[in-house]
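Written out below as structure tokens is the structure these notes cover.
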Amino acid sequence: MSDTTMARPTDRFRIDAQFFGLAAFYLALVVIFSLATPNFMSWSNGVNVLSNVTVLGIVALGQTLAIVSGGFDLSVSGTLPLGAVAYVLLANAAVPIPAAIVLVLALGMVVGVVNGILVNRIGISPLIATLGTLSVTGGLALTLSRGVTIPMTNFDAGFLSEFAFGRVSWYVLVLVVLCILVHVLMRYTILGRMIYAVGGNADASRLAGIRVEAVSVTVYTVCAMLAAFAGVVVSSQLLVGSANVGANVALNSVAAVILGGASLLGGVGTIGGTLVGVLILGTIANGMALMMVPSFYQQMANGAILLLAVGLGRLREKRAGR
Amino acid sequence: MDEALAMQAAAPVRLLFEAQGLIKSYGPNRILMDVDFTLAPGESVALIGENGAGKSTFAKIITGVIRPDEGKLAFDGRDVVFNAPRDALAAGLAFIPQELAYVPNLTVAENIVLGQWPGRSGLTTPSAIRARAGAVCQHYGIHFDLDSPMRLLKLAERQLVEIVKALLRDARMIVLDEPTAALNEQESTALFSILKRLNGQGVGVLYISHRMDEVYRFSDRVDVLRNGRRVASVPPQRTTPSQLIAHMLGQEKEEFARGDQPRSGVAALALRGWKSGGLPALEDVSLDVQAGEIVGLYGVRGSGADVIAEGLAGLNGDVVGEIEIGGKVRRTFGSPYEARAAGIAYVPAERKRDGLVLGLPIRRNITLMMLRSLSRFGVMDGAAERALTDDLVRRFDVRYRGADQPVERLSGGNQQKVLLASRIATKPRYLVLHEPTRGVDVGARVEIHRLLAGVADDGCATLMVTSDVEEAVTVPDRLIVIRDGRIAGELAGAAMTQANAISLATES
């Protein structure tokens, strides 16, 4: 007992150093934007940032699971609009809202199981497999919506956008709750342990008696369900169902997860890190908008952040490999 | 003119290759100590020695893969310094490693001329490539389908392609690292008859071997390395296998005594009639282990010992046969999960590849197989986990800075202890160890052996699969020796000596 407690500080420091580096970068961003624009540092703008990152945040939670398990999920950019369109269609058809949400989640589950089977049973690389299902689900969303934006006629379906307290919407609370749940899942459950083990070394995990394929299928399923649910949130925010939402969410979620300290090789990454990664992306978009920077500069900044994220991840892997 | 005369006087036989006073150390470990070596044109030399004797290091030094700390190399009478395998190849010295390097999707002809394409100004044609490759094959009398993709060839054929590739680059000396380890009898004979033919054309051959029979059948001379020194260099006809084995062993080192344990006499774990395809093919292998007993399974590389270990881990689907475990008879395992569910704890040979999750802390590696019993409703019980790992880390004397430290930062010996701890944590009744002390320092090795004895004393049926002869005769209660996929014999008590084990494993 004594030796482990004695040893703790060194490791804690190592993990925290990485996390604090990221948090410091975020704080620097906040300071820069606060100085650059007077409206940035306010309660309402804080809530605004959170509101804007909710959809990306929910998807990034699932993406964290996929990446830590050694996988990758591009199909979230198809599952999300599919969930959005399906939700509005169901709600407009007078399906009770809770049932509509359950059905959308079931739809996400199907996509996730298909992804999991393609990757694990058939052995297609995650990139190709989810690129394929991205196209299929995105096309399906377009087909269901006949390519047009469907107005929400049942306004109860927008309940997530109502204010829970002050000017904080329900969906922000939902994001917070999901973050806590997934954090607990990753850190304190058997499944979480298995995800880290499988991502770190699938062969060793298999030999240790872990059903690697089952773990991976579960991860893809949770990831797709979260993406489908993000579709529900988008529809609640926009009060429409559209197949044209969420196109950037696949790459942005990967960027956020990698920025948050995960490795594309798998086995590394935390929900806390991902959350900061998501906030960095959201804050940059928000700050630049407040500074009246034209949106195409934002697009370039997003690209630069993506490269920065992947570049940092790569450098970290190199250093770890030495 | 004078120089040439002087050289002739010094060496009546013109030498193709000569190495003098090779010394190589890694840190405090001296791998090679003042090794000399010569090879005449057309000569075939076998290099033998125990694991860690320095054979591979020697082969890598003379072929430019690594540089010696001291020593001189001469090729064809001229002093040479090889900074890379490329330099050696340019001089005429080719190395055929165990892990062949080729392009699987190119044809045999394309692989043979790789980097040496016939043609002018950067242009070449498939027919010119084919003609060039065909000409070399013709010249040395080696035949294969030049248009077949390399990946479709058998290992033995791929080896021959590598040899032809070397010959195309005018290699006059070929060094092979255990060329027959994964070949069957006919393939080995075919390989050596081709090497003999090359000898006839003046090509010198040096090969590392684990097999006494091929040393006697194919080599003009056999050199023995022991602890980094060349301790013998004789034509095989002038010595006996037992003399060679004595040269390989020197005197025995490790002291390890395990008292006689009372045994039930009932097999706790038994293999019945195991067979497998592939190489080496197992042929009707049966063996049993009693509770509280450590049984060793010893064989040289390619003997089938690995196949048995992997079969017991559920890793090798080609093995058919029966397993008797805990009084029940069942078929061989279809997956690692089945093996685990049957109660077998398996310690793999490649700890980094198959055993540990290197990026995860010691604690998480130790409890990898214990997740269910350390949790309630899927949520980990942190206190129970800490108690278990603290206990095991102390018992196994793992040297670390913190149980949260990633295992990749530990030394090989400590990593191996963590791997063992993760298996022992499950309190297994059947323990299968595959090369339990490979790449482990001497101190940790003795500790691991003591731990294994302790685990067996608690009633665990332990099967230790090893290619380390010293370990094979010191730790187990009895030793089964396997050769060419068959049980070659069993040793116990006073008969369990390194010489007996090697002679059973290498002579046919």
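Keep in mind it's a predicted model, so treat the numbers as computed, not measured. A, B, ... follow the sequence lines: proteins, then strands. Residue 1 opens every chain.
- A:Gly267 approaches B:Leu360 most closely through the heavy-atom pair O-CD2, 4.5 Å.
- Looking at B:Thr367, only its side chain comes within 4.5 Å of chain A, counting heavy atoms on both sides.
- Taking 4.5 Å as the heavy-atom cut-off, the residues of residues 349-357 of chain B that approach chain A are B:Lys352, B:Arg353, B:Asp354, B:Gly355, B:Leu356, B:Val357, ordered by number.
- Proximity to chain A (any heavy atom under 4.5 Å) is restricted, for B:Leu315, to the side chain, taken from C-beta onward.
- Neither the backbone nor the side chain of B:Glu310 comes within contact range of chain A; no heavy atoms are under 4.5 Å apart.
- Contacts with chain B (heavy atom to heavy atom, under 4.5 Å) involve these residues of residues 188-201 of chain A, listed by number: A:Tyr188, A:Thr189, A:Ile190, A:Arg193, A:Met194, A:Tyr196, A:Ala197, A:Gly200, A:Asn201.
- Taking chain A as the reference chain and counting heavy-atom pairs below 4.5 Å, the highest number among B:Arg340, B:Arg423, B:Met369, B:Met380 is found for B:Met380.
- Counting heavy-atom neighbours within 6.0 Å of A:Tyr26 OH, excluding the residue itself, gives a total above 12.
- Using a 4.5 Å heavy-atom cut-off against chain B, the contacting residues of residues 209-230 of chain A are A:Gly209, A:Ile210, A:Arg211.
- Within residues 320-335 of chain B, no residue has a heavy atom under 4.5 Å from a heavy atom of chain A.
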